[in-house]
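If you're wondering where the values come from, they're calculated on a predicted model, not measured in any experiment.
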Amino acid sequence: MPLFKRKPFSLLEPPKDIDPKEKVFQIRFTREIFRDYQDYINRLNLYRQRVWTCKISGKSNLTFEEALVSEHHAVTKAQKLPTELMAPVLQMIQYSTLGLYDLVDKIYASLQEEVFEGLELHAKQDGLEAACKILKILKSGGTKMYEVGWLHRNKTIISTSVIKGEDLIRRRPPVSRNTLKIFIRDATSQNSPWVIHENLAKRYGIPIEPPNDMMFGEGLQKKGRKRHEDGPAGDARKKMKNDEKHIDVPIKYPIDTDDHALSKRPPLATDFRVPRYSVGDLLMVWDFCLSFGRVLNLSPFLLADLENAICHKESNALLVEIHASIFHLLIKDEGDYFTVLRNKKRKFKQVTLVTWAEYLCDFLEMTKNEELSNNIATVRKGYYSLIDTDVKLKILRELVEEAITTSPVREKLSEWVDQRQALAATKRESFRKAKDEQNSSADGVQDGNGSVDEQGKGKEEKDKSNISRSKTEGKRHGHLETQIDRLSICSSPLGKDRHYNRYWFFRREGRLFVESADSREWGYYSTKEELDALMSSLNLNGIRERALKRQLDKLYSKISNALEKRSKEITHKLLLEEAVLRRSTRVRAQPRDNPSMAFLKYVNKWKDN
């Protein structure tokens, strides 16, 4: 049932004692019946307002009927979860106190590592990689062995054998994060903690009774805080729980109360060219391409250029180069995509402006994602540019998620982790030496012999030496910080505010992005004044906002410098656009002279020919 202003909504009961011959008014999509025409019209107008939310997907600003359709599509997607995964996934959901996205990440990571009976994956057979299905998990002397059935192309088992865990090959999780998110919402009746529907729990043998330590949070039972349910205190708590079931208004906790000492939070800018619910995909694709540019042989480009290229209604070099570089990586890795091309007997030629569409169609077929594969015919006809912007970004996101699983990317990540650890160790050692030298200098002055003048001169010389050394050490520490920063990938937000909005900062983009709790809305701050106002508005009595403030304080200089740099660049860009506009009144200016069309000039300088 759709949510009304994000709260549960109940349909009206039919009127009592209706005469079969009585004329009534009925709403088509809810089957609600009204005797009074005005009541019918008022209810219908309510359903036509864009105040409804799809309970399963979280999509908002819908009419009631649109929300019903959205829930139907979401349920269809949720049913794509393989049967063999239902029990283990439901077990991880039941009574979890994690937020939705943290729970999705936990399950997604578990599905990458764990192996379940009935799971289809790949394994080594006679030195070659082949598709198989886990039939049984065997334990032999503490070592896990797996009985697998080797699969034909039509998914039938042609033979069986027992293999070691090291022979299993996991290219990608069996389901996407988005499917897990929809499944969790569809399978649960409440979310704090998550409780799955009782009939679903019974069907898959999931315990219905909550765990004893649930009140302390997941895995956070604290000493000295054991709760006793017996006696008067226990009875009072039980009564309180029963009373809470009848409370319809949300509970307002002390940390959520209005604090007049806090500044008003500045409004977010939302002038994106792509749909707001697609901004997360845009940022993910851009950050991946820049972080792994050398692995992809793809030279850097601006976020604005990618946004303009995605929205452009004609093919352009930037989008072709992004797709081509990822296709080359997937082929080089010889994973699932390589297998698809080999089975189709494709000739592994250079991906170009002419040939890239056929490689894209092969990938869309491989994803088995109906929303994406529905565009294969459009791409084949050469009309990729007519695909909706949000779908283009979903395709690129799927490509990135596939690329992340490749060996070159994993090796580069491992290399960066090692380098960061080495630089952090160097930084710690540098701080330790500087501190020891300062202590040594201080001891030398205190223990010095000779006249007062000589000691004074000695102290003055040592002070100058210490100042000089401090400057040198400061520059070195700054250099180390820069090196560590260059090895960073923005894989997690800076923190969350009281409404669970997530805050993101990318070192190559001078904006502080804000993502809503349901990921459907995005905005950003772009000036130092907005950053200062945001920090003044954070409530330090709240756990989330205190942690967010701590992170913003730590990165304040870096973020504010990036914001100011971008502001100067925008000012320069506006001046250029004005110059182009003035020139166009005298001479017809070329479209590519406009800075907003700069992506049309993109040339991949790192291309591997």
Side-chain angles (χ1 to χ4, degrees), residues 271-274 278-279 281-332 349-360 363 379 382-400 403 408-409 486 489-490 506-511 562 565-566 568-570 572-577 579-580 583-584 589-609:
D271 54 339
F272 301 106
R273 290 197 63 192
V274 302
S278 297
V279 173
D281 290 341
L282 177 75
L283 289 168
M284 174 194 179
V285 172
W286 172 75
D287 190 50
F288 174 81
C289 290
L290 265 65
S291 297
F292 295 94
R294 288 296 182 185
V295 176
L296 294 167
N297 294 313
L298 182 69
S299 56
F301 49 86
L302 298 176
L303 176 62
D305 287 344
L306 176 59
E307 187 174 16
N308 290 327
I310 282 285
C311 297
H312 196 55
K313 292 303 180 183
E314 295 178 14
S315 295
N316 56 82
L318 177 54
L319 281 188
V320 173
E321 289 292 348
I322 292 172
H323 284 83
S325 62
I326 297 179
F327 289 143
H328 282 138
L329 175 66
L330 298 180
I331 293 170
K332 182 181 177 182
K349 51 192 175 183
Q350 186 76 11
V351 183
T352 65
L353 187 62
V354 177
T355 64
W356 79 287
E358 64 185 78
Y359 285 93
L360 178 57
F363 178 78
V379 175
Y383 298 131
Y384 166 83
S385 56
L386 300 182
I387 297 175
D388 291 341
T389 301
D390 62 327
V391 177
K392 289 181 187 175
L393 284 168
K394 286 177 181 177
I395 292 171
L396 280 170
R397 183 192 67 202
E398 284 287 328
L399 275 167
V400 167
V409 171
R486 285 175 180 168
I489 300 173
C490 192
F506 301 83
R507 65 182 178 86
R508 306 175 186 88
E509 173 67 20
R511 283 182 279 184
K565 180 183 176 183
R566 182 175 181 272
K568 290 178 182 178
E569 290 173 348
I570 288 177
H572 180 65
K573 177 182 174 182
L574 291 173
L575 291 174
L576 284 177
E577 288 179 348
V580 169
R583 190 166 69 252
S584 67
Q590 296 298 318
R592 296 186 181 209
D593 290 344
N594 190 324
S596 64
M597 305 296 282
F599 69 94
L600 293 173
K601 296 181 180 180
Y602 177 79
V603 176
N604 186 3
K605 298 175 183 178
W606 295 354
K607 191 170 186 176
D608 184 8
N609 296 315

Any side-chain heavy atom of [X] sitting closer than 4.5 Å to one from [Y]?
X: D287; Y: R508; result: yes
X: L283; Y: E509; result: no
X: D281; Y: V274; result: no

Side chain to side chain donor-acceptor pair (under 3.5 Å) partners of [X], counting only residues at least two apart:
X: S385; value: none
X: R273; value: N308
X: Y359; value: none

*asked:* Going by the rule side chain to side chain contact (heavy atoms under 4.5 Å, CB included), which residues pair with I387 if we only count those two or more places apart in sequence or in a different chain?
replied: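 Partners of I387 by the side chain to side chain contact (heavy atoms under 4.5 Å, CB included) criterion, ordered by chain and then number, come out as N375, T378, V379, Y384, V391, K392.
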
*Between M597 and F599, does a side-chain contact (heavy atoms from CB on, under 4.5 Å) hold up when you go through it step by step?*
CA-CA 5 Å; M597 305 296 282; F599 69 94; 4.2 Å; yes

*Got a sec, which residues hit salt bridge (charged side-chain N to carboxylate O under 4.0 Å, His left out) with E307, two or more places apart in sequence or on another chain?*
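Per chain and number, E307 pairs via salt bridge (charged side-chain N to carboxylate O under 4.0 Å, His left out) with no residue.
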
Which heavy atom of [X] sits nearest to which heavy atom of [Y], and what is that distance?
X: V409; Y: F292; value: CG1-CE2, 3.7 Å
X: P408; Y: V295; value: CB-CG1, 3.8 Å
X: A403; Y: F288; value: CB-CZ, 3.7 Å

Distance (rounded to the nearest 0.5 Å) between [X] [atom1] and [Y] [atom2]:
X: W286; Y: I310; atom1: CH2; atom2: CD1; result: 14.5 Å
X: E314; Y: L386; atom1: CD; atom2: CG; result: 10.0 Å
X: C289; Y: L399; atom1: SG; atom2: CG; result: 9.5 Å
X: L360; Y: T355; atom1: CG; atom2: OG1; result: 11.5 Å
X: L393; Y: M284; atom1: CG; atom2: CE; result: 11.0 Å
X: K332; Y: L296; atom1: NZ; atom2: CG; result: 10.0 Å

*Around atom NZ of K568, are there more than 12 heavy atoms of other residues, nucleotides or ligands at under 6.0 Å?*
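No - once you tally the heavy atoms of other residues, nucleotides and ligands closer than 6.0 Å, there are 12 at most.
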
*Just by distance, do the side chain of D390 and the backbone of S278 share a donor-acceptor pair under 3.5 Å?*
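Such a contact is absent between D390 side chain and S278 backbone.
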
Only pairs under 3.5 Å count here: list side-chain donor-acceptor contacts from residues 317-329, not counting sequence neighbours, and write none if there are none.
from: E321; atom 1: OE1; to: N604; atom 2: ND2; distance (Å): 3.3
from: E321; atom 1: OE2; to: K607; atom 2: NZ; distance (Å): 3.2
from: H323; atom 1: ND1; to: L319; atom 2: O; distance (Å): 2.8
from: S325; atom 1: OG; to: E321; atom 2: O; distance (Å): 3.1
from: S325; atom 1: OG; to: I322; atom 2: O; distance (Å): 2.8
from: H328; atom 1: ND1; to: A324; atom 2: O; distance (Å): 3.1
from: H328; atom 1: NE2; to: V351; atom 2: N; distance (Å): 3.3

